Amino acid sequence: MVGENKTLPLHTCQIEPNLWLNRGHAVLYSCALLALFYHRLRSLLFQFTTFFALFLHLSLFVSDLVFAFMWAVTQAFHMRRVHRQTFPENLSTVLETKDMPKIDVFVCTADPHKEPPMSVVNTVLSVMAFDYPGEKVCVYVSDDGGSQLTLFAFVEMEKFARHWLPFCREMGMRKRSPEAYFASSEAHPHSDKIKMMYECMKERVEHVMEMGRVTDDLIHDEDEPQIFTKWTSDFTRSNHPTVIQVLLNSQKDVDVMGQAMPSLIYLSREKRPGVHHHFKAGALNTLTRVSAAMTNAPIILTLDCDMNSNDPQAPRQALCHLSDPEAHPNLAFVQFPQYFRGIDRNDIYGCEWKGLFQIYPVGMDGLRGPNHVGTGCFFRRRALHKEDNVSSLNLSDQSIRDELNLERAHNRASCTYENDTEWGVTMGFRYGSVVEDYYTGYRLHCEGWVSIFCDPQPPAFMGDAPFNLNDTLSQTMRWSVGLLEVAFSKYCTIIFGVKKMNLLMGMCYSHYAFWPIWSIPMITYAFLPQLALLNGTSLFPKASEKWMYLYAYLFISAFIQDLISFLRANGTLGRWYNNQRMWMIRGVTCFPFGFFQFFLQKIGVSSSGFNVTSKVSNDEQSKRYARGIFDFGVVSPFFVSLSMVALINFAAFWIGLMRVLEDGYLNSMFVQLFLSGYVMVNCWPVYEAMVLRNDSGILPRYVKKVSVILSMGMFTVAYFAFGMQGISY
Ligand SMILES: O=c1ccn([C@@H]2O[C@H](COP(=O)(O)OP(=O)(O)O[C@H]3O[C@H](CO)[C@@H](O)[C@H](O)[C@H]3O)[C@@H](O)[C@H]2O)c(=O)[nH]1
Ligand SMILES: [Mn+2]
């Protein structure tokens, strides 16, 4: 066991027993796959009567190859799973409180309308209230929206925080974001006074949000007017100077009980039209440089604005690894998983991402460590600066109000600072992919850094998940584009990755990089067998043939393996069912559209973008979500392709069933009929939204019309293609 003091361990690490079961299954399944390809190749050669037949069988062949590739790379996650535990109560054996390292916390926000300032305020309050010496914490809020509304919220919050932090210490509660605390059963009956203060602050912030700007009558403090003077008439979110505002300084600010407050710094980096700002990666690099000039803590915690601390012990848990004298010298980061609040019982949109955030990191942790997921991650500053830069940035004892430091910080937040530097190339968060988290972690692992997965219960952090279908699909589409940017770059995971790390790590990273290629088999299997069924053409072995067992084994055992690992990670059957349904939906919507977008970028027609996920939902939407009802509601190309799948499969199943019963073809059409039925059952929410429901979340008429027309067009083309070729088995 690693990091174990003779008596009191800081952490333990256990390899999962029974791994041979996974390995045995992998061998068996591989053999089955080989048999499948033998069978597929044979059909390809023997049934090559016409080009159309070749096209049909080639499509299925390629689809199965993709399935097999995805299955194979996923096995790397099951080869060496490890489970860690931390013991923060033992930290004192290696570290006295006065020696605890300083921590800089980066909280990113980008748009006050999609990310309400009050929610960012809650996040910041929850981390300021960490169970950690106040003078050792500095929270930086990066506002890429350059919004005076967000700054106003923090000016207000700073006063409330002086009451909130002592309150948290006194109550010793776990949830330290006011919103989460007041809504929880933890809330103390005598918390009325502090709740009132909170409500007052919230009211003022929301009032300013409604007004859209900060008016003079809202400014009380004599210091405050000058804070907002940078917002002149030509200040826009994409064209403005740097704003750095020190709101709290731990060297002089104390709470109402006289204890040092953590520092709090608002930063909105300079933006100019025509100068690429590299989205969140750019924001994080600016924060890294600015914080180096002001507090220069050796440990950095990155958080998205919706990621509240859910346990004030989180920094101590991370320190169990980071401060362990026996820690790996190249330990770059300790990653906590993303958990989400407010997910409905059955997680209809599969937003929990159990595989991505809970199951697969355990597998990577047994290799070189989990991938970085953008939030809830404690970095060693060393991993983000180049070695030689760390010493030159060693300014840790300087005051954050120091004029020289402030000037340095301003300079480092300028939009041209990075020109001709290594920032984003070999230093800091890497540019070139909109999934900067995945890409940065990947590059660090390739450079020989390692990471650790820390998944304590209760979860250390909790974030928001998208609450409607279009938002979650847009988010996955952005991820898809970002992942393809990595897959098709010179840092391709299967070539560069395998070479620089090892085969298994390369496979894990490839699983993500090639996510969007799921769309190839998904689209093929969603349309081709169904169109063939409608035209009386059989594409699979007969139900009575022995090859059928092979198909059944491959299909069923893949599902069972997935189900078992889902249930073992505290999943429920309902959530698993919805999760597999969302895979199908993503496979025919955001993955192919992501592919298309990536292609447009490659040929220079479109440029990459970071469409921030909205963290607000209206009342009606929330009600529907709570009842597990799908929200369509907007005209979106995703819904057109999804509706087409629903329509074609519906027609294929019922017409196919009628024909089969009439003509007795069930034996040869069984697989296709089963497939249409399976897709149809998965598409149930789409039928509901098409014809059965009557609320504002139904499929818009326009989407229905377009998808009916396109489906008919597709059917007609297939009718002639199958008819003219005259294939029928
Ligand atoms: O130009 C930008 C765009 C975004 N953000 C911030 O980035 C964070 C993540 O954005 P969000 O819209 O919530 O994206 P998600 O897809 O929900 O986030 C996941 O995926 C991102 C990569 O696509 C990662 O950065 C995140 O950490 C990860 O949680 C938010 O705090 C934003 O404020 C910026 O600071 N600047
Ligand atoms: Mn998010």
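Atoms within each ligand, like the ligands themselves, are counted from 1 in listed order. Owing to the predicted nature of the structure, the values given are computational and were not obtained by experimental measurement. When reading the values below, keep in mind they use all heavy atoms of this one structure, side chains included, and skip hydrogens, waters and symmetry mates.
- A donor and an acceptor atom, one from each side chain of Asn122 and Tyr198, are located under 3.5 Å apart.
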Using residues 591-606 as the side-chain source, report each donor-acceptor pair under 3.5 Å to any protein atom, sequence neighbours left out, with the distance given to one decimal.
unit_1	atom_1	unit_2	atom_2	d
Gln597	NE2	Gln601	OE1	3.3
Gln597	NE2	Ser606	OG	3.1
Gln601	NE2	Glu485	OE2	2.9

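- Lys500 is linked by a salt bridge (Lys or Arg N to Asp or Glu O under 4.0 Å) to nothing, counting only residues two or more places apart in sequence or in another chain.
- Within the 4.5 Å cutoff, the side chain of Met157 has heavy atoms near those of the Leu264 side chain.
- Here the side chain of Ser433 pairs a donor or acceptor atom with the backbone of Gly482 at under 3.5 angstrom.
- Among residues at least two apart or in separate chains, side chain to side chain donor-acceptor pair (under 3.5 Å) pairs with a member in residues 368-377 are Gln335-His372.
- A heavy-atom cutoff of 4.0 Å around ligand 1 is satisfied by the protein residues Cys108, Thr109, Ala110, Glu115, Asp144, Phe279, Lys280, Asp304, Cys305, Gln338, Val373, Gly374, Thr375, Val434, Val435, Glu436, Asp437, Gln475, Arg478, Trp479, Phe610, Val612, Thr613, Lys615.
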